[in-house]
Amino acid sequence: MVTSRFDRWGPIAGIVFAVLFVVGIAMTVGNLPQGDDSAQEISNFYNDSGDRLQLIAGGYLMILAGVFFFWFLASLRTRLIAAEGEPSRLTPIAYGSGLVFTGLLMASACAFISVAGDVSFGGEKFASADAARYLPELGYPLLVIAGMFAVIAMIDAASIVIRRTGVLPVWIAYFGFVTAVILLASVFFIPMVLFVLWVVFVSVAMLRARPVVGTPSVPD
């Protein structure tokens, strides 16, 4: 079992990320006006302080999820790099791709809540549905296309290291490969559930695993 209290925080952060990410997405994407909504529907939404508050709260949860994901990612990097040994080639790919996803997650959250935040905190009056129709929708490609492609690179690289070294249960590597393929259809949102499950599985496995020391990777 993991003996260091510090070693436990990274995996726990991964589980917290999963919860915050799901709740944040539900509160933002689940409530955000759609581009084909009428101007009146969009105006009614942004003129309602309760709707704006829920949207902004969801965006903050997504950004907070990104903070916890970074913590999880740092812990995963430590474990992978110790298992892969030097020179580490795959671990930097997994870590760098995870950082890209973190940035895109936060950027997408900012896009989702941009109009609501401007009205609630910027002293702006909601005047037109045009910007509100398209600006928040920038968050979708940032998250479900660019963000998930970064996740695909992260999961693939991490899964190869896991399969070669056995640093975590090998079935997680195969689940990761399947997840990476299905995430190519992440534009439909539902495939992102597999990404969340992957983070939870990896987090639980790291909690249960022994601390690793540097070991050479096993060639294919």
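This chain uses plain numbering: 1 for the first residue, then up along the sequence.
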Handout entry: Main-chain N/O of M27 paired with N31 side-chain donor or acceptor, under 3.5 Å
Key = yes

Completion exercise
d(Y60 OH, L20 CG) to nearest 0.5 Å is 15.0 Å

Handout entry: Sequence neighbours excluded, every pair satisfying ring pair (Phe, Tyr, Trp, His ring centres under 6.0 Å) that has a member inside residues 96-115
Key = F69-F101, F101-F195, F112-Y140

Practice task
Output yes when a side-chain donor or acceptor of D48 lies under 3.5 Å from a complementary backbone atom of N44, and no otherwise.
Solution key: no

Practice task
Ignoring hydrogens and angles, tell me if any N or O in the side chain of S186 forms a donor-acceptor pair with the backbone of V144 under 3.5 Å.
Solution key: yes

Fill in the blank from the handout: Looking only at heavy atoms, the pair that brings Y46 and V119 closest together is O-CG1, 4.0 Å

Completion exercise
Heavy-atom nearest pair, P169 first then I162, reads O-CG2, 3.7 Å

Practice task
Apply side-chain contact (heavy atoms from CB on, under 4.5 Å) to the pair I56 and F121, showing each step before the final yes or no.
Solution key: CA-CA 11 Å; I56 292 170; F121 305 120; 3.7 Å; yes

Exercise for the section: May I ask whether V181 and V202 are part of the same hydrophobic cluster, defined by side-chain heavy atoms of I, L, V, M, F, W, Y residues being less than 4.5 angstrom apart, directly or through others? Expected result: no

Handout entry: Check: S75 side chain, W71 main-chain N or O, donor-acceptor pair, under 3.5 Å
Key = no

Exercise for the section: Supply the members, apart from L138, of the Ile/Leu/Val/Met/Phe/Trp/Tyr cluster built from side-chain contacts under 4.5 Å; use none for a lone residue. Expected result: V100, L104, L142

Handout entry: Spacing of M148 atom CE and L143 atom CG [to the nearest 0.5 Å]
Key = 5.0 Å

Exercise for the section: Specify the closest pair of heavy atoms between S159 and G176, including all atoms of both residues, with the distance to one decimal. Expected result: OG-CA, 3.6 Å

Practice task
Give a yes or no answer on whether the side chain of E41 reaches the backbone of P33 with a donor-acceptor pair at less than 3.5 Å.
Solution key: no

Handout entry: Heavy-atom side-chain proximity of I152 to S97 below 4.5 angstrom
Key = no

Problem - More than 12 heavy atoms from other groups under 6.0 Å of OH on Y174 - result: no

Problem - Pairwise distance CZ(R79) to CG(L168) - rounded to 0.5 angstrom - result: 6.0 Å

Handout entry: Minimal non-hydrogen separation, P191 against L183, with atom names
Key = O-CD2, 3.5 Å

Practice task
Measure the spacing between CZ of F17 and CG of L105 and express it to the nearest 0.5 Å.
Solution key: 6.5 Å

Handout entry: Donor-acceptor contact below 3.5 Å, side chain S88 vs main chain G85
Key = yes

Exercise for the section: For this output row, return yes or no: ring centroids of W171 and F201 closer than 6.0 angstrom. Expected result: yes

Handout entry: Identified side chain to side chain contact (heavy atoms under 4.5 Å, CB included) partner of T91 from the options T78, L76, I81
Key = I81

Practice task
Check the hydrophobic clustering (I, L, V, M, F, W, Y; side-chain heavy atoms under 4.5 Å; chains of links allowed) and say if V115 and L53 are grouped together.
Solution key: no

Handout entry: Straight-line distance of L32 CG to D51 CG, nearest 0.5 Å
Key = 11.0 Å

Practice task
First locate atom CZ of R52, then atom CG of D118, and finally report the distance between them rounded to the nearest 0.5 Å.
Solution key: 10.5 Å

Handout entry: Working for side-chain contact (heavy atoms from CB on, under 4.5 Å), residues F21 and V199
Key = CA-CA 11 Å; F21 181 75; V199 173; over 6 Å; no

Problem - Short side-chain to backbone donor-acceptor contact, R163 and V170, under 3.5 Å - result: no

Exercise for the section: Spell out, as yes or no, whether a donor-acceptor pair under 3.5 Å connects the side chain of E84 to the backbone of L90. Expected result: yes

Fill in the blank from the handout: Closest heavy-atom pair, I113 versus G59, reported as atoms and distance to 0.1 Å, is CG2-CA, 3.7 Å

Practice task
Walk me through it: do F68 and I15 pass the test side-chain contact (heavy atoms from CB on, under 4.5 Å)?
Solution key: CA-CA 9 Å; F68 279 96; I15 296 171; over 6 Å; no

Exercise for the section: Could you walk me through whether R89 and I93 pass side-chain contact (heavy atoms from CB on, under 4.5 Å), step by step? Expected result: CA-CA 7 Å; R89 295 184 177 89; I93 295 174; 5.9 Å; no

Handout entry: Heavy-atom closest pair, residues L207 and P11
Key = CG-CB, 3.5 Å

Practice task
Name all residues meeting the side chain to side chain contact (heavy atoms under 4.5 Å, CB included) criterion together with L99; count only those two or more places apart in sequence or in a different chain, and write none if there are none.
Solution key: F70, L73, Y95

